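The figures here come from the full heavy-atom set of this structure, side chains too, leaving out hydrogens, waters and symmetry mates. Quick caveat, the model's predicted, so the values are computed rather than measured. Every chain is numbered from 1, with letters handed out A, B, ... down the list of sequences.
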2 protein chains.
Amino acid sequence: MFSIGELSKRTKVKVPTIRYYEQMGLLAEAERTSGNQRRYDKTGLERLSFIRHARDLGFSIEAISSLIELQEHPDRSCEAATDIAVSQLADVREKIKRLKLLEKELSRISKGCDGQGVSEDCYVLASLADHELCSREH
Amino acid sequence: MFSIGELSKRTKVKVPTIRYYEQMGLLAEAERTSGNQRRYDKTGLERLSFIRHARDLGFSIEAISSLIELQEHPDRSCEAATDIAVSQLADVREKIKRLKLLEKELSRISKGCDGQGVSEDCYVLASLADHELCSREH
DNA sequence: CTTGAACCTCTAGTCACTAGAGATTGTAGA
DNA sequence: TCTACAATCTCTAGTGACTAGAGGTTCAAG
């Protein structure tokens, strides 16, 4: 049995975040010492590692809640879990697509001031002011 | 002179968001009719278009504030504005990098359940539970 | 002059935390 | 055993960038 600080160290999840996860129902309520401090064991550690990993992969708290529920009712859980993962993947791909367009636009804008420059006006500000100057959609 | 609803239509920025921008100091306080309703002109329209475009490119409200201040004090503004754009670009590139790693991982995880499957356990849940199963950092 | 869409302000909610106040507990060293 | 003090507790409020809703007022067309 170890303290919340120890759990925090081992999982690299901050102490207030652990309490927040408990409050949100992602973590079961921890056992307490006689003095009301939380104590955890291997189960708690594994559960939190799962949550942390899923958060790192961009799953929302809500999605993680669903995944945890699936874990606890293992019948047919695989399909449903895969659905969640696939939808998360679609999300990530969409974000990548959008960010790549932004990258092109920003790199074009940033380069505007290099070299001989664009007379007296700032190209960055001009580009932001006038969407027509954009080379593509974003 | 036109209303906030008209401005909203022309810029595709929602009415409450326009009021929010005013409150945050991004937009100058609009003129008012005798009945206290906001009225805008070309200047307001251009300013809001600038903000909207910058938001679309992922600039924070704070960054936009800086850009607007630069616009208003044009001496040396170009270098500073370029700095902001370049830092925004670095940000975007970093995000793309991270998301690409996630994409690989998620697509690997999602595929786990296809075809013959991985015996009775759900590969998605197992992968999330055990970071060691990841093929690379993320 | 009436109607009703559009406007006003204000408060509170969203997500996933993070920060701080003020009080209590656990534990290592003297 | 006592003492210090780090770690813990609960609670409230703040973050960013809005969004939603209540309850009231104004504008403009017919």
Picking from D:dT19, D:dT10, C:dT18, which would you name as closest to the side chain of A:Lys14? C:dT18
Between B:Ser34 and A:Lys9, the residue closer to the 5' end of DNA chain D by nearest nucleotide is A:Lys9
Report yes if a side-chain nitrogen or oxygen of A:Ser3 is closer than 4.0 Å to either non-bridging phosphate oxygen (OP1 or OP2) of D:dT8; otherwise report no. yes
Could you check A:Tyr20 against A:Arg39 and say which one's nearest nucleotide on DNA chain C is further toward the 5' end? A:Tyr20
From the candidates D:dC9, C:dC7, D:dC18, the one with an atom nearest any side-chain atom of B:Ile61 is D:dC18
Nearest-neighbour nucleotide for the A:Ser60 side chain, D:dT19, C:dC7, C:dA16 considered: C:dA16
After noting the C-alpha distance and the side-chain angles of A:Phe2 and A:Arg10, does the key distance pass the side-chain contact (heavy atoms from CB on, under 4.5 Å) rule? CA-CA 11 Å; A:Phe2 40 87; A:Arg10 294 203 204 175; 3.7 Å; yes
Across the strands shown, which category fits A:Arg38 at heavy-atom distances under 4.0 angstrom: base, sugar-phosphate, nothing? sugar-phosphate
Round to the nearest Å and state the distance from B:Gln23 atom CD to D:dT15 atom P. 13 Å
For B:Val92, does its backbone N or O pair with a side-chain atom of A:Glu103 as donor and acceptor, under 3.5 Å? no
Of all the nucleotides listed (D:dC27, D:dC18, C:dC17), which has the minimum atom distance to the side chain of A:Thr17? C:dC17
Mapping A:Tyr21 and A:Thr33 to their closest nucleotides on DNA chain C, which lands nearer the 5' end? A:Tyr21
Check ion pair B:Arg38-B:Glu22 (N to O, under 4.0 angstrom): yes
Given C:dC17, C:dC8, D:dC9, identify the nucleotide with an atom nearest to the side chain of A:Arg55. C:dC17
Between NE2 of B:His53 and CD1 of B:Ile64, what distance do you get to the nearest 0.5 Å? 11.0 Å
Check whether any side-chain N or O of B:Arg19 sits under 4.0 Å from OP1 or OP2 of C:dC8, and answer yes or no. yes
